[in-house]
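Below is one structure; the comments refer to it alone.
The structure displayed is predicted, hence computed values, not measured ones.
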Amino acid sequence: MRIVVTGAAGFLGSHLTDALLEGDHDVVGIDNLITGSLSNIEHIREHPRFMFLQRDVSTYIAVDGPVDGVMHFASPASPIDYLQLPIQTLKVGSLGTHNCLGLAKAKGARFLLASTSEVYGDPQVHPQPESYWGHVNPIGPRGVYDEAKRFAEAMTMAYHRYHGLDTRIVRIFNTYGPRMRASDGRVVSNFIVQALKGEPLTIYGEGNQSRSFCYVDDEIEGIVRLFERGDEAPTNIGNPHEFTVRELADIVVRLTGTASQVTFESLPVDDPKQRRPDISRAKSLLDWEPTVSLEEGLLKTIDYFRRIQLP
Ligand code: UDP
């Protein structure tokens with residue numbers, strides 16, 4: 001297939017592009033590089049089945065030739081990014097999604113939306129099944145991301161129902177691994193970078209809030225399976241093993257062997273207290289579940305951060 005990947009120079013987009021190229025597909029990668037980086041796709045820039053376009057998908061997307069799939073991964077995706085880029089976040093989730101759907105419709109292509117566990121907001125149902133409608137503050141600082149993705153899901157379903165487009169919606173839970181930005185602001189990259197620099201690990205709040213961390217290879221495998229053999233209903237892809245932020249800090253300290261201590265900072269507004277995917281649907285529909293343990297994945301990620309230049 002010839003597949004358009006938006007956000008191809010980002011963390012997930014670049015790993016997805018690698019997986020598609022390995023699966024013998026052709027990839028047209030698009031990115032405006034506001035949070036993505038060319039270094040993530042440097043190794044494939046000369047690949048005969050890869051083409052890169054530096055464009056903003058919120059404006060307009062033109063791709064020459066046939067397209068069989070459109071996978072929409074472009075968006076600021078870290079809390080500090082969407083706090084700094086609120087309008088771009090809203091635009092890429094709404095206008096960008098509309099443009100991607102329009103491209104898929106014009107080309108007769110299958111469409112996959114990268115949605116998020118943030119559609120569940122600060123959830124009152126735990127773990128979160130896809131049937132849960134969520135608990136989102138539309139006007140809080142995270143609302144720009146949460147509501148953009150909720151709109152994107154609604155738009156995707158409208159194209160499916162009204163135009164008969166072949167669509168997929170993946171709800172991605174916290175994912176980590178090589179190519180996360182050192183200054184991304186997310187908890188895994190922050191803790192590893194702080195540990196490697198011998199600085200205190202910044203725990204927000206008391207660290208009792210929980211997350212479930214999925215290693216990037218597992219996440220991408222689930223997404224590719226959903227694209228290939230899933231259906232239009234939203235599907236959680238994430239790791240169901242839940243850890244508190246405090247536990248994560250202890251594991252990172254142990255695995256890096258750092259002398260760093262932890263320090264406590266204030267909890268960001270509307271920070272979800274707990275998050276864990278119910279992955280029953282992905283298990284039965286796609287025969288998928290994560291295989292990489294947190295320790296194993298963290299060791300690979302630590303290794304990556306040891307090799308790059310830290311800010
Ligand atoms: N967090 C933290 N220290 C950090 C960065 C994040 O304690 O240096 C916490 C944050 O408050 C949240 C959790 O870790 O409860 C996960 O944050 P992240 O930004 O990785 O993603 P989120 O799941 O909130 O989108």
Side-chain angles (χ1 to χ4, degrees), residues 4-7 10 12-13 30-32 34-36 55-61 69-106 109-125 128-175 223 226-227 230-238 269-270 272 275 277:
V4 171
V5 175
T6 75
L12 288 182
I30 306 182
D31 206 299
N32 65 356
I34 60 167
T35 59
R55 303 274 158 74
D56 183 349
V57 298
S58 299
T59 312
Y60 181 70
I61 315 173
V70 177
M71 301 179 83
H72 183 31
F73 279 70
S75 179
S78 159
I80 58 161
D81 286 339
Y82 47 77
L83 295 181
Q84 280 163 11
L85 303 164
I87 315 290
Q88 285 96 327
T89 303
L90 281 159
K91 284 175 76 174
V92 76
S94 54
L95 307 177
T97 301
H98 189 209
N99 289 336
C100 289
L101 284 161
L103 175 70
K105 176 170 161 273
R110 179 178 296 162
F111 174 79
L112 181 141
L113 172 70
S115 186
T116 168
S117 55
E118 282 282 326
V119 300
Y120 302 122
D122 187 3
Q124 293 173 315
V125 169
Q128 294 80 53
E130 290 89 349
S131 55
Y132 178 48
W133 290 356
H135 180 232
V136 171
N137 174 5
I139 56 164
R142 299 174 87 102
V144 297
Y145 185 63
D146 303 8
E147 296 295 3
K149 290 292 188 180
R150 289 169 68 97
F151 175 92
E153 290 199 5
M155 187 64 123
T156 301
M157 288 310 296
Y159 266 69
H160 175 73
R161 294 198 182 102
Y162 187 74
H163 290 304
L165 198 72
D166 185 17
T167 58
R168 312 277 188 270
I169 295 172
V170 55
R171 291 185 179 152
I172 298 169
F173 283 66
N174 294 63
T175 303
I223 291 168
L226 178 68
F227 181 73
D231 59 24
E232 75 281 1
T235 305
N236 290 339
I237 299 284
V269 177
D270 295 336
R275 182 183 288 157

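Pairing each heavy atom of Tyr60 with each of Asn99, the nearest pair is N-ND2, 3.7 Å. Residues Asp146 and Gly121 come closest through the heavy atom pair OD2-CA, 4.3 Å. Among all heavy-atom pairs drawn from Asp270 and Pro141, the shortest one is OD2-CD, 4.0 Å. Minimum interatomic distance between Pro76 and Thr35 (heavy atoms only, all atoms of both residues): CA-OG1, 4.2 Å.
Using a 30° and 60° split on the angle between ring planes, Tyr120 and Tyr132 fall in the parallel class, below 30°.
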Evaluate side-chain contact (heavy atoms from CB on, under 4.5 Å) for Ser117 paired with Asn236, printing each intermediate quantity in order. CA-CA 8 Å; Ser117 55; Asn236 290 339; over 6 Å; no

As a quick check of understanding, evaluate side-chain contact (heavy atoms from CB on, under 4.5 Å) for Leu226 and Leu112, giving each step before the final call. CA-CA 9 Å; Leu226 178 68; Leu112 181 141; 4.2 Å; yes

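With respect to Ser115, the side chain to side chain donor-acceptor pair (under 3.5 Å) criterion is satisfied by exactly one of Arg150, His72, Arg168, Glu153: Glu153. Among Thr235, Val119, Thr116, Ile237, the one residue that satisfies the side chain to side chain contact (heavy atoms under 4.5 Å, CB included) test with Arg171 is Val119. Test Thr97, Leu103, Thr6 against Val57 for side chain to side chain contact (heavy atoms under 4.5 Å, CB included) and you get one pass: Thr6.
Here the side chains of Ile30 and Val4 are in contact, with some heavy-atom distance below 4.5 Å. Counting heavy atoms from C-beta outward, Ile61 and Arg55 have side chains that stay 4.5 Å or more apart. Contact annotation: the side chain of Tyr82 never approaches that of Ser75 to less than 4.5 Å [non-hydrogen atoms, C-beta and beyond].
The existence of a salt bridge linking Arg142 and Glu118 is confirmed by a sub-4.0 Å separation between a basic side-chain nitrogen and an acidic carboxylate oxygen.
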